[in-house]
Amino acid sequence: MIAKEMWGALFLYALILSAGQLLFKKAALSTGTLASIADLRQVVFNLWLWIAFFLYVGATFLYVVILQRVPVSTAVLFNALCFVLVPLGAMALFGETLGWRHVIGVALIVAGLVVVTR
């Protein structure tokens with residue numbers, strides 16, 4: 001049985017990973033086209049990229065704490081929530097659209113999580 005606070009930690013972990021993915025997109029959009037190795041400075045000094053990086057570091061430490069209390073076979077499934085949260089965030093933040101196949105795929109992921117975590 002997974003403690004209630006671990007459910008919250010698992011959802012927080014998925015939320016942090018999803019935020020990192022959206023910040024990677026923001027970093028990509030705020031960086032000009034990389035035509036040469038000299039253009040890598042735009043990436044190295046991109047604030048959005050660094051914020052995403054530190055979110056991923058924080059998520060890694062949180063995941064270690066989670067794994068002390070939750071079986072890895074359950075914890076790893078929460079990575080799939082990113083396949084739900086990131087497209088929704090991309091719609092809200094970047095105006096991306098989701099086709100019907102994408103929506104069905106997201107619904108299947110959610111259904112799979114419900115089945116496995118019960």
Side-chain angles (χ1 to χ4, degrees):
M1 190 70 173
I2 297 173
K4 287 181 183 178
E5 63 271 4
M6 284 298 99
W7 287 108
L10 286 162
F11 282 106
L12 178 61
Y13 169 72
L15 188 63
I16 293 171
L17 287 181
S18 298
Q21 286 294 313
L22 293 167
L23 286 170
F24 286 138
K25 175 69 172 186
K26 178 71 174 169
L29 293 174
S30 67
T31 302
T33 302
L34 303 178
S36 70
I37 196 77
D39 293 335
L40 285 178
R41 285 180 299 199
Q42 294 178 58
V43 175
V44 171
F45 293 108
N46 189 304
L47 177 63
W48 300 113
L49 183 68
W50 283 100
I51 295 170
F53 172 75
F54 284 112
L55 280 177
Y56 265 53
V57 169
T60 300
F61 286 113
L62 178 59
Y63 196 60
V64 169
V65 171
I66 289 168
L67 290 178
Q68 291 174 340
R69 297 166 178 85
V70 176
V72 70
S73 59
T74 300
V76 74
L77 296 173
F78 281 79
N79 289 324
L81 273 180
C82 294
F83 295 114
V84 176
L85 298 173
V86 172
L88 294 175
M91 283 177 46
L93 298 172
F94 305 117
E96 295 184 10
T97 59
L98 297 180
W100 64 271
R101 289 180 185 201
H102 208 117
V103 171
I104 291 171
V106 166
L108 289 171
I109 290 169
V110 171
L113 277 171
V114 170
V115 167
V116 174
T117 58
R118 292 208 171 225

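Worth saying up front: this structure is predicted, and the values here are computed from it rather than measured. All values below were derived from every heavy atom in this structure, side-chain atoms included, with hydrogens, water molecules and symmetry-related copies excluded.
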For this session: Would you check if Val86 and Leu22 make a side-chain contact, meaning some heavy-atom pair closer than 4.5 Å?
Result: yes

For this session: Could I get the full list of side chain to side chain donor-acceptor pair (under 3.5 Å) partners for Tyr63, not counting sequence neighbours?
Result: none

For this session: Identify, with sequence neighbours excluded, every residue that meets side-chain contact (heavy atoms from CB on, under 4.5 Å) alongside Leu47.
Result: Ile51

Problem set entry | Results of side chain to side chain donor-acceptor pair (under 3.5 Å) for Ser30 - residues two or more places apart only | Asn46

Problem set entry | Pro87 to Cys82 - nearest heavy-atom pair and separation | CD-O, 3.7 Å

Exercise. With sequence neighbours left out, which residue pairs that include part of residues 78-110 fulfil the ring pair (Phe, Tyr, Trp, His ring centres under 6.0 Å) condition?
Worked result: Trp7-Phe78, Phe11-Phe78

Exercise. If every non-hydrogen atom of Ala9 is compared with every non-hydrogen atom of Leu62, which pair is closest and at what distance?
Worked result: O-CD2, 3.8 Å

For this session: Any chance you could measure Thr74, atom OG1, to Leu10, atom CG, to the nearest 0.5 Å?
Result: 8.5 Å

Exercise. Same hydrophobic cluster for Leu113 and Val72, using side-chain heavy-atom links shorter than 4.5 Å among ILVMFWY?
Worked result: yes

Exercise. Are Phe24 and Phe53 in one and the same hydrophobic cluster, where Ile, Leu, Val, Met, Phe, Trp and Tyr link if side-chain heavy atoms are under 4.5 Å apart?
Worked result: no

For this session: Enumerate the residue pairs fulfilling salt bridge (charged side-chain N to carboxylate O under 4.0 Å, His left out) with a member in residues 94-104, sequence neighbours excluded, ordered by first and then second residue.
Result: Lys25-Glu96

Exercise. Would a hydrophobic clustering, with Ile, Leu, Val, Met, Phe, Trp and Tyr connected at side-chain separations under 4.5 Å, put Leu67 with Met6?
Worked result: yes

Seminar exercise, completed: Shortest non-hydrogen pair, Leu55 vs Gly20, comes out as CD1-N, 4.1 Å

For this session: Please list all pairs passing the salt bridge (charged side-chain N to carboxylate O under 4.0 Å, His left out) test where one or both residues lie in residues 14-24, with sequence neighbours left out.
Result: none

Exercise. Under a 4.5 Å side-chain heavy-atom rule over Ile, Leu, Val, Met, Phe, Trp and Tyr, are Val76 and Ile16 clustered together?
Worked result: yes

Problem set entry | Over all atoms of both residues, closest heavy-atom pair of Leu23 and Ala52 | CB-CB, 3.7 Å

Exercise. Just how far is it from atom CD1 of Ile109 to atom CG of Leu77, taken to the nearest 0.5 Å?
Worked result: 11.5 Å

For this session: Is it possible for you to say whether Leu12 and Val57 belong to one hydrophobic cluster, with membership spreading through side-chain heavy-atom contacts below 4.5 Å?
Result: no

Exercise. In Å, rounded to the nearest 0.5 Å, how long is the span from CG of Leu81 to CG of Leu15?
Worked result: 9.5 Å

